[in-house]
Amino acid sequence: MSNKNIWYLPGPFHQYQEDVKALAKKNGLRIVDANATESRDDEACDVPEVTVRQVDSAQVLLIVDSGDFDGAALQELIGKLNAERDGIVLLIDAAEGLSDLEHPGAGELPIRLFGALKAIHEGFETLTGERDNLAGEVESLRAEVERLKAAAEPVDNAEKIANLKAQLDAANVTYRANASVESLEKAVADLQQA
């Protein structure tokens, strides 16, 4: 008894919307390109349905050889188009970082694209320079803040309280033993106003 597990499917298999390899695996089938063999030995009866992708056809230029056909002009046009394509490819490589940005030399589109890419590149260089300058300025300002912090003497509250109490004792002004700095400062300010 034979095992009928072969799915004869016309290739190429990428032309189908479905993943035919996954479908074959799921259904326990083996795919054989129907275009490659005429044999249908062990063909499976129950195979998945698949649909061919719809592809838009490319426009084709037909050139009819007539008496007024100018093959040299056509060859010249093709040469110019190839040169423009080559210039654009070089600019794309430069934009992707694969090569340096260089003037393409010919073709209206590559020259315009070069101008746009050069302006973008110069803008990035300007921004990078400004960023580096601002980073240097930030570091300078941080150093200045640290210098100012170090220069400012921290005032010890105990020392300040003792100084204020000494001024009030000298003027024979009474105060609470646990008076706050603010109340002592106010009493000294009142003493100086009187």
Side-chain angles (χ1 to χ4, degrees), residues 5-40 42-44 47-147:
N5 66 344
I6 298 177
W7 183 11
Y8 290 97
L9 185 68
F13 302 131
H14 63 37
Q15 71 178 331
Y16 299 103
Q17 289 181 353
E18 297 81 12
D19 184 357
V20 294
K21 292 180 182 179
L23 286 173
K25 186 175 183 179
K26 179 180 173 185
N27 292 296
L29 299 172
R30 220 178 63 197
I31 301 176
V32 172
D33 188 347
N35 297 326
T37 181
E38 291 182 18
S39 170
R40 297 294 180 255
D42 296 328
E43 182 175 14
V47 294
E49 287 189 30
V50 292
T51 52
V52 177
R53 289 185 182 143
Q54 296 298 321
V55 180
D56 295 334
S57 60
Q59 293 182 351
V60 177
L61 175 64
L62 292 178
I63 301 173
V64 178
D65 191 9
S66 63
D68 58 351
F69 174 70
D70 187 4
L74 179 62
Q75 288 300 326
E76 182 181 338
L77 177 61
I78 291 172
K80 286 179 182 179
L81 291 174
N82 285 335
E84 283 202 9
R85 184 206 57 224
D86 294 343
I88 290 173
V89 167
L90 289 175
L91 292 172
I92 290 171
D93 287 346
E96 292 175 341
L98 302 175
S99 65
D100 292 334
L101 182 63
E102 295 178 7
H103 194 282
E108 178 186 353
L109 290 177
I111 291 172
R112 287 177 57 197
L113 182 57
F114 171 77
L117 290 174
K118 185 176 178 184
I120 291 169
H121 180 71
E122 289 170 353
F124 274 119
E125 286 182 348
T126 301
L127 289 173
T128 302
E130 288 177 12
R131 182 204 60 206
D132 293 344
N133 289 340
L134 289 174
E137 192 174 324
V138 165
E139 288 303 315
S140 172
L141 290 172
R142 284 187 180 146
E144 178 82 10
V145 166
E146 291 300 319
R147 186 185 63 76

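Index from 1, following the sequence.
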Could you list the donor-acceptor pairs under 3.5 angstrom formed between side-chain atoms of residues 24-32 and any protein atom two or more places apart in sequence or on another chain?
unit_1: Asn27; atom_1: ND2; unit_2: Leu23; atom_2: O; d: 2.9

Quiz item: His14 and Arg53: which non-hydrogen atoms are nearest, and at how many Å?
Solution: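 Minimum heavy-atom separation between His14 and Arg53: O-NH1, 2.8 Å.
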
Quiz item: If you look at every heavy atom in Val52 and Tyr16, which pair is closest and at what distance?
Solution: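 Smallest interatomic distance, heavy atoms only, reads CG2-CE2, 3.8 Å.
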
Once side-chain contact (heavy atoms from CB on, under 4.5 Å) is applied, do any residues pair with [X], and if so which ones, sequence neighbours excluded?
X: Ile88; value: Ile92, Leu109, Pro110, Leu113
X: Thr51; value: Gln17, Glu18
X: Asp86; value: none

Quiz item: Between the main-chain N or O of Gly11 and the side-chain N or O of Asn35, is there a donor-acceptor pair closer than 3.5 Å?
Solution: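 It does hold such a pair.
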
Quiz item: Would a distance-only check, ignoring hydrogens and angles, find a side-chain to backbone donor-acceptor pair under 3.5 Å from Glu146 to Leu141?
Solution: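 A pair under 3.5 Å: no.
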
Practice problem: Determine, step by step, whether Lys80 and Glu76 satisfy the salt bridge (Lys or Arg N to Asp or Glu O under 4.0 Å) criterion, reporting the C-alpha distance in whole Å, the side-chain angles of both residues, the deciding distance to 0.1 Å, and the verdict. | Solution: CA-CA 6 Å; Lys80 286 179 182 179; Glu76 182 181 338; 3.5 Å; yes

Exercise. List in chain and number order the residues that pass side-chain hydrogen bond (donor to acceptor under 3.5 Å, both in side chains) with Glu139, two or more places apart in sequence or in another chain; answer none if no residue qualifies.
Key: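 By the side-chain hydrogen bond (donor to acceptor under 3.5 Å, both in side chains) rule, Glu139 matches Arg142.
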
Quiz item: So do the side chains of Ile6 and Arg40 get within less than 4.5 Å of each other, counting heavy atoms only?
Solution: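 No, side chains not in contact.
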
Quiz item: Do Tyr8 and Val47 touch side chain to side chain, with heavy atoms closer than 4.5 Å?
Solution: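 No - every pair of side-chain heavy atoms lies 4.5 Å or more apart.
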
Quiz item: Where do Val50 and Trp7 land on the side-chain contact (heavy atoms from CB on, under 4.5 Å) test, with the steps shown first?
Solution: CA-CA 12 Å; Val50 292; Trp7 183 11; 3.9 Å; yes

Quiz item: So which pairs with a foot in residues 108-126 pass side-chain hydrogen bond (donor to acceptor under 3.5 Å, both in side chains), sequence neighbours left out?
Solution: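 For residues 108-126: His121-Glu125.
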
